[in-house]
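Following: one structure in structure tokens, then a few remarks.
Atom set for the values below is all heavy atoms of this structure, side chains included, hydrogens, waters and symmetry mates excluded. Residue numbering restarts at 1 for every chain, and letters A, B, ... go by the order of the sequence lines. Given the structure is predicted, the values throughout are model-derived calculations rather than measurements.
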Amino acid sequence: RKEVEQDPGPFNVPEGATVAFNCTYSNSASQSFFWYRQDCRKEPKLLMSVYSSGNEDGRFTAQLNRASQYISLLIRDSKLSDSATYLCVVNSRTGNQFYFGTGTSLTVIP
Amino acid sequence: SAVISQKPSRDICQRGTSLTIQCQVDSQVTMMFWYRQQPGQSLTLIATANQGSEATYESGFVIDKFPISRPNLTFSTLTVSNMSPEDSSIYLCSVGLAGTHFFFGEGSWLTVV
């Protein structure tokens, strides 16, 4: 079983739509969770850390469900500029290594 | 935060040759990570480079193919040896600062012909 599993999409949504991505992880001892954004032909960059209590940053909301071992990312009022690949990242059992999901491709359509 | 400089940013290489990628960080870090991202794929960890000790390689990656140097706390190199077209990929250097997340270099885009 992979450490992190993510629906690769693609998700094609109209501007203004709300879209949600989920990511499951296999190691119940994982402590750190992140969502990264990767634009085409660019390196991944941190979008949000994911906290146990959930966190929100503008149109973006990240949540963690430890019981079911998944994290989610919700994007409201999608913009064209949100088109990218979104990667979930989970740390390893030892905490020294991070595992990346395969990424979910999002295209926001005018 | 951390600023990571990688070079070369891109290169086209002949099969059978080797390429060394450099990674420079603007602060001292204990662990540096080298990732590969093949076309259309996610990131795969190649190895963890620790200063003062041998790099730790992940399953499927060996030192003979991907030798790594870590001469100090701000610098590392990854060599892709005896390249084949299957090595065409983006190679990314990364650091994780204590209590925070990962930062990536801009990547080295390698095409082997």
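- Heavy-atom distances place the side chain of A:Q38, and not its backbone, under 4.5 Å from chain B.
- B:I90 and B:I68 are not part of a single hydrophobic cluster, where members link through side-chain heavy atoms under 4.5 Å apart.
- Residues B:W109 and B:V80 do not share a hydrophobic cluster, clusters being chains of Ile/Leu/Val/Met/Phe/Trp/Tyr side chains in contact below 4.5 Å.
- B:L92 and B:F33 fall within a single hydrophobic cluster, where Ile, Leu, Val, Met, Phe, Trp and Tyr are joined by side-chain heavy atoms under 4.5 Å apart, directly or via other members.
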Problem set entry | Derivation of the side chain to side chain contact (heavy atoms under 4.5 Å, CB included) call for A:F100 and B:Y35 | CA-CA 11 Å; A:F100 287 79; B:Y35 285 86; 3.4 Å; yes
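- Residues B:F104 and A:Y36 have side chains in contact (heavy-atom distance under 4.5 Å, counting atoms from C-beta outward).
- Closest approach of A:T102 and B:S42 over heavy atoms only: CA-CB, 3.3 Å.
- Here CZ of A:R41 is found 13.5 Å from CD of B:E106. Values are rounded to the nearest 0.5 Å.
- A:Y70 and A:L73 fall into different hydrophobic clusters, where Ile, Leu, Val, Met, Phe, Trp and Tyr are joined by side-chain heavy atoms under 4.5 Å apart, directly or via other members.
- Under the 4.5 Å side-chain contact rule for hydrophobic residues, A:L47 and A:L64 share a cluster.
- Here B:L43 contributes atom CG and A:E43 contributes atom CD; the two are 10.5 Å apart, rounded to the nearest 0.5 Å.
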